[in-house]
Structure formats: C-alpha cells, structure tokens
Amino acid sequence: MTRLALFLISAWLVLQPSPRAHAGDDPGVVFTLLLNRPQTQTLRVVMEIPQLTSTEAAVSMPAWRPGRYVILDPASEVRTFAAFDAHGTALPFRKSDKATWTIQADGTAQSPVDLRIEYEIYANELNLRTRHVDATHAFLDASSVCMLYAPRRADPVHIRIEAPQGWRVSTGLEALDDRTFFARDYDILVDSPLEVGMHDLLEFQVDGIPHEIAIWGRGNWDPERLRRDFADIVREQGAIFGSLPYVRYVFQLHVQPGIGGGTEHYNSTIMQTRPSTFDSPDSYRGFLGLVSHEFFHTWNVKRFRPAGISPYDYAHENYTRSLWMAEGTTSYYDDLTLARVGLIDLDEYMKRLGRTIDALRSRPGREVQSLEESSFDAWIKFNKSGPDRDNTTVSFYGKGALASLVIDMEIRRLTGNERSLDDVMRLMFEQFPHGSDGYTPEDVVTIASAVAGTDLDPIFETCVRRAGPLPLEDALAHVGLELYQKPIKGAWDDELGRTPEAERAYLGLKVASGNIGARVRAVLEDGPAFDAGVIADDEIVAINGSRVEGGTFEQIERSLQPGQDAELALFRRDELVHIRLKAGSKPNSTWAVRMVKEPTAAQIRAFEMWMDKPWPNDEDDKDVGLGG
Ligand SMILES: [Zn+2]
C-alpha cells in the first residue's frame with residue numbers, strides 16, 4: 001500500500017464515528033473493510049484496538065476456517081501490514097510466527113493506546129469459500145480476513161464495510177445500519193461471512209422468523225420454488241429440534257461455473273453451485289441435498305459441537321474423533337429430510353442411499369480406517385485428497401451417514417419405533433449448547449444408549465471405532481428395505497454375449513481425462529494395476545492397441561474378459577511405457593436399495609414411523625420403488 005493510500009484511509013477513518021452501540025464499557029475491536037478497488041481482487045482492512053494497555057499486541061490470522069478441517073494458512077495472502085497510534089505515528093512490529101504480527105505499542109494502564117492496524121489482502125479463493133473479491137462482488141469469511149487479537153476474543157466486534165455504490169451486504173451478523181454490523185465476539189464474527197455486491201435477494205418466513213436467500217450469479221432459478229423448497233427444509237428440520245435457534249437466517253448462494261459445495265455457519269450458510277443446476281429437475285434435486293445438508297448443520301456442529309473443536313483453536317489443527325457425527329449424521333439427515341417432505345421421491349432416496357453404500361463397499365480403505373480415525377486424521381488425510389486416499393481412508397461423510405442409519409435403526413428396533421436418532425439429535429442440542437465445551441465420543445454413546453434404553457456401546461464399536469463392514473442389511477430390513485446387486489448393463493455386454501450378472505473385467509484404476517489419454521487419478525489396491533506398477537498421473541493412451549481417452553476408458557475396460565491379458569501403453573512423464581497385466585474381475589453390478597416385495601406389518605409400521613409417510617401400497621408406487 002502506498003503512503004498516500006494509507007494517509008487517505010487514515011483521514012477517512014478519523015472522519016467516521018466509531019460504532020459502539022452495543023459495546024458499553026468494553027472497548028472491543030473495530031474492523032473496517034475497504035472494497036474500493038475490487039477489480040484488483042484486493043481488500044484493505046483497518047483493525048482498531050482501542051484503549052490498549054499492554055506494551056505489545058500480537059494479532060494473528062487463523063490457520064484454518066471453521067467447517068473445513070484442513071490448514072489453509074490464509075496469512076500467506078496478506079500483502080502489506082502497518083500499525084499506527086492515534087496520532088498516525090507508525091509503530092514498529094515484527095512477524096513472530098507464520099500468521100502473527102507483534103506490534104510494539106507501548107500502552108499502559110495509565111496511558112492506554114488506540115492502536116490502528118492496516119493491512120491488505122489478496123482475495124481470489126472462490127471455491128475454498130474463504131474470500132473472493134472481484135469487480136462484481138466480495139465474499140468475505142472473517143477467518144481469512146479479520147485478524148484475531150486474542151485478549152479480546154470474547155469482546156464485541158464492530159465491522160464496517162466500504163463498498164462501491166449500489167452494493168449491498170448480506171450476512172448473518174446483526175446490522176446496525178446497511179454498512180455497519182455487530183458480532184458479540186470474534187467467534188460469531190468468524191461464523192458469519194459477508195456477501196457484498198449487487199446480488200439478488202429472496203425472502204421468506206418460517207414461524208414468523210425471517211430467512212433470506214442472497215444469490216450472486218446467474219441461472220434459471222424459480223424464485224417462488226426456491227422460497228417454497230427452502231422453507232419446507234427449514235420447517236422439517238426445525239421440527240426435529242423443536243425450534244429454530246436464531247432470529248434471522250441467511251442462505252448465501254454463489255451460482256457460477258466450476259464451483260460446488262457449501263459451508264455451514266452460525267445463522268447462515270454459503271453454498272456454491274453451477275448455473276446448470278437450475279436447468280434440470282435432477283440437478284436441482286441434487287442441489288436441494290446441499291441446502292438440506294448445510295441447514296441441518298445449524299444444530300449439528302453450529303450448536304452442539306465435538307469437544308476438540310469447541311472452542312476453536314484458530315492457530316492449529318482441532319482434533320476430534322466425532323466428525324463422523326458432525327458431517328456423517330448431517331449427511332444422513334440431508335436426503336432423509338428431502339424424502340420426508342417429498343422433495344425427492346422414495347425411488348430417488350433409495351438411489352442415493354444405494355450409491356453411498358456402493359461407494360463404501362468399493363473402497364479398499366473400508367478395511368483400513370475406522371470412522372473415528374477418519375475423523376481424527378481429517379486434517380492430513382480425508383481433506384487432503386491424495387491419490388492413495390481410496391486405499392487407506394473412509395469418508396466420514398458417506399460411511400458416517402451409513403453408520404448413523406444403522407444406529408437410528410437399532411434405536412427404532414429396540415424401542416418399538418417409539419424413539420430414534422431424532423431424539424438423540426434433540427438431546428445433543430439440549431445438553432451441549434453453543435459455547436459449551438462440546439461432546440465427547442462417550443457422550444454420544446451415553447445419550448444414544450439412554451434413548452434406546454439399552455447399552456449401545458457394541459454397535460458404536462462395530463460402526464464407529466472399528467474398520468470393516470457395517471450391518472446394513474439388518475438395519476435396512478427393519479424398515480422393509482433390502483440391499484441387492486443391481487446389474488450394470490454396458491455397451492459391450494450384448495456384443496460379447498455376456499449376461500449382466502456375469503463377472504466383469506476390473507483393472508482397479510480411477511481415471512480422468514488427461515492431455516492425450518486417460519490420466520490415472522487413483523490406483524486401487526484391490527485391482528491388478530496396483531501390483532503391475534501403474535501409478536498416479538500415468539496417462540494411458542491404449543489398451544491392447546485400442547486408443548483410450550478419459551471418456552472411453554471404462555468402455556474399453558469392460559470390453560476385456562476377466563483374466564484376459566492386457567497391455568497398457570501409457571505416458572509416464574515424458575516416456576512411453578508398456579505394462580502387461582492380467583485383468584482382474586468384479587461383479588458386474590452395483591449395490592442398490594429397494595423395498596422388500598412382501599413387507600411384514602412390523603416393517604410397514606417401522607417404515608412409516610421413519611419416513612413419515614405411508615408405505616406405498618399402490619402398485620404404481622411399488623414399481624417405482626422396485627426400480628432401485
Ligand atoms: Zn457438512
């Protein structure tokens with residue numbers, strides 16, 4: 001930042017009244033975010049720490065952001081840093097670790113100093129959902145924008161936005177006016193990102209509580225439908241917990257090419273999706289799964305949190321063995337909510353469930369890592385997507401959702417369907433309120449066992465603490481569903497005179513489209529390519545002389561017979577390499593879920609209690625169900 005720019009900011013700040021509406025005697029911290037050159041993807045931040053009484057003040061950028069359990073080091077994009085006293089005199093400072101600036105302020109109790117810190121940030125991380133600024137908008141997650149002054153972490157924070165004319169601000173923070181916002185402490189600030197720009201704004205109410213949908217981007221969405229479908233999700237999940245734990249809620253939505261996913265926050269969420277989401281009912285229903293997932297987090301992880309991530313340690317990894325519940329149980333409820341309110345039909349629900357089961361059962365890592373281990377090592381394994389991931393890890397999302405289903409069914413079975421995982425969720429919400437020390441893995445077992453009226457430790461041992469299979473067949477049978485292997489019908493099957501039930505050739509490779517062929521993303525340990533020496537990033541250009549590309553790999557793999565010799569021609573770095581192997585085999589089917597043909601009365605009753613709708617008796621409905 002130039003000296004002139006610093007002077008201009010300083011002059012501007014002197015003219016602004018400091019917002020202290022809620023602060024009382026507490027001096028707190030005031031941030032001013034200056035978006036006066038958004039086209040440069042930069043953002044200037046003025047951080048005021050009034051009435052500082054210490055010799056030194058250390059301010060730090062968090063190393064990660066809540067909701068994404070991996071070290072991101074946003075301090076790396078701090079471009080400039082300076083500190084001043086109330087007279088505008090520059091104060092000396094030093095970097096004391098990768099994310100911390102320590103300022104020599106010389107404040108004392110007798111003569112406190114009004115410290116002003118000014119820094120500039122480069123903001124071009126869109127899909128990390130940390131900070132992104134351009135000529136059209138700014139998305140700002142405070143964990144990557146606002147530094148922490150630890151002694152005032154619990155104090156009120158005011159945040160002021162200077163943005164181009166016509167831009168508005170949508171955030172879960174309390175608004176003091178259209179440019180000034182209040183957080184009761186730094187943790188709430190960090191959990192309340194800001195969307196600033198000329199985004200669309202939709203509003204709806206549930207139980208008299210206002211909800212907003214702030215949409216940056218373009219797409220064919222139907223505003224009425226968004227309001228209605230979002231409200232259905234809010235109502236259904238609110239009913240599980242008994243109430244909506246906020247006075248206002250904001251759905252921030254980015255609709256842009258090439259992005260996806262979402263992050264939960266205190267009384268808001270940031271969700272990202274592609275414009276094509278709104279072009280087909282299928283992709284739209286997929287998107288509703290994201291909405292449902294993020295909203296369920298309002299309770300699960302934004303109110304009751306695992307010990308280890310409550311309170312947050314912003315400087316280091318926060319270890320917990322319970323991400324399977326924070327994320328997996330949330331994943332269990334995302335589709336279940338949609339099915340219960342009818343935003344997806346039963347057929348679609350079973351299809352999604354089948355996909356999750358198939359993904360787990362085709363992952364060699366299922367025999368290696370438990371859900372607790374996957375949770376604990378999220379920082380270095382699951383959330384750092386390396387090519388060996390499928391061999392050594394399970395997803396605390398996918399397997400966590402399935403473990404939640406098993407536990408839910410066990411509680412329902414043991415209580416004659418009178419109690420369920422819904423009760424566990426409600427009790428967790430009551431017993432571990434926001435700001436508490438969080439729950440331990442043992443607390444979850446204790447609460448679930450109390451709800452079930454039986455010690456559930458053995459089922460947690462099987463599902464959560466140990467690697468290996470989940471008793472899914474038993475769990476699904478309780479509500480009249482069953483797992484089966486659904487044949488895959490491929491283009492070559494007829495030509496090769498192969499029935500869909502037969503075994504098919506399997507190499508054990510996951511590929512993507514590369515520059516010239518199929519680029520190997522992962523080599524699975526249960527296929528022959530692993531021992532034969534195919535490695536990640538090899539680019540396969542031919543199998544047995546037939547040209548391969550990203551889009552044709554699977555078709556050519558399927559044209560082989562199990563046990564057949566295959567020669568792979570591939571480029572490894574800049575060398576052509578030939579690898580011979582014998583094709584392995586695997587069932588020519590995927591795991592899928594369907595309704596049993598002749599349910600017992602007990603199964604029908606259990607299903608209806610679980611799904612909150614009648615067992616489809618009508619023949620048409622049943623046919624849909626049997627489609628898997
Ligand atoms: Zn989540």
Side-chain angles (χ1 to χ4, degrees), residues 64-70 72 127-130 141 143 172 190-193 230 233-234 236-237 240-241 245-246 249-254 259-273 286-306 308-310 312 317-338 352-353 355-356 359-360 371-372 374-379 381-385 393-405 408 421 424-425 428-429 432 434 438-439 444 464:
W64 62 289
R65 69 154 174 75
R68 191 176 175 98
Y69 307 102
V70 69
L72 295 171
N127 210 180
L128 284 177
R129 297 182 286 279
T130 49
D141 179 312
S143 66
V190 157
D191 236 340
S192 310
F230 280 41
I233 292 167
V234 169
E236 173 70 19
Q237 295 184 352
I240 292 176
F241 292 97
Y246 47 76
Y249 191 92
V250 181
F251 295 90
Q252 297 166 331
L253 176 57
H254 291 168
I259 58 172
T263 301
E264 65 279 9
H265 288 289
Y266 185 64
N267 61 329
S268 63
T269 174
I270 166 66
M271 302 178 295
Q272 299 181 322
T273 195
F287 164 70
L288 289 179
L290 174 68
V291 178
S292 180
H293 180 96
E294 298 309 330
F295 190 71
F296 196 81
H297 274 313
T298 305
W299 295 271
N300 188 7
V301 107
K302 291 289 102 172
R303 293 303 180 284
F304 55 97
R305 286 216 303 256
I309 60 171
S310 186
Y312 297 129
E317 291 84 351
N318 290 219
Y319 294 106
T320 167
R321 297 181 190 281
S322 302
L323 282 189
W324 72 268
M325 172 160 260
E327 289 299 346
T329 304
T330 299
S331 298
Y332 172 55
Y333 275 99
D334 60 29
D335 285 343
L336 186 58
T337 299
L338 299 185
R352 293 184 186 191
L353 190 55
R355 271 203 301 262
T356 308
L360 176 64
L371 274 176
E372 286 203 347
S374 177
S375 300
F376 193 84
D377 274 341
W379 300 84
K381 286 185 180 278
F382 187 78
N383 284 339
K384 285 205 167 172
S385 180
T393 69
V394 289
S395 162
F396 48 81
Y397 288 85
K399 189 180 179 184
L402 297 175
S404 302
L405 173 106
D408 191 14
L421 194 59
V424 177
M425 290 289 99
M428 297 283 290
F429 173 50
F432 300 97
H434 184 261
Y439 61 84
V444 180
V464 175

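Just so you know, residue 1 is the first one in the sequence shown, and it goes up from there. If you're wondering where the values come from, they're calculated on a predicted model, not measured in any experiment. Side-chain atoms are counted along with the backbone in the values below, which use heavy atoms only and exclude waters and symmetry mates. For ligands, and for the atoms within them, numbers begin at 1 and follow the listed sequence.
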Under the ring-ring contact (aromatic ring centres under 6.0 Å, His included) test, which residues partner Tyr246, sequence neighbours left out? His211, Tyr249

Rounded at 0.5 Å granularity, tell me how far CG in Leu353 sits from CG in Leu402. 6.5 Å

In terms of side-chain heavy atoms, does His293 have a donor or acceptor partner in Glu327 at a distance below 3.5 Å? yes

Fit a plane to each ring of Trp379 and Trp64, take the angle between them on a 0 to 90° scale, and name the class: parallel (under 30°), tilted (30 to 60°) or perpendicular (over 60°). perpendicular

Taking the six-membered ring for Trp, are Phe296 and Phe241 ring centroids under 6.0 Å apart? yes

Test log, rule side chain to side chain donor-acceptor pair (under 3.5 Å), inputs Arg65 and Thr130: CA-CA 8 Å; Arg65 69 154 174 75; Thr130 49; 5.8 Å; no

Environment of the Zn ion (ligand 1) in terms of protein N/O/S atoms, cut-off under 2.8 Å: His293 NE2, His297 NE2, Glu327 OE1

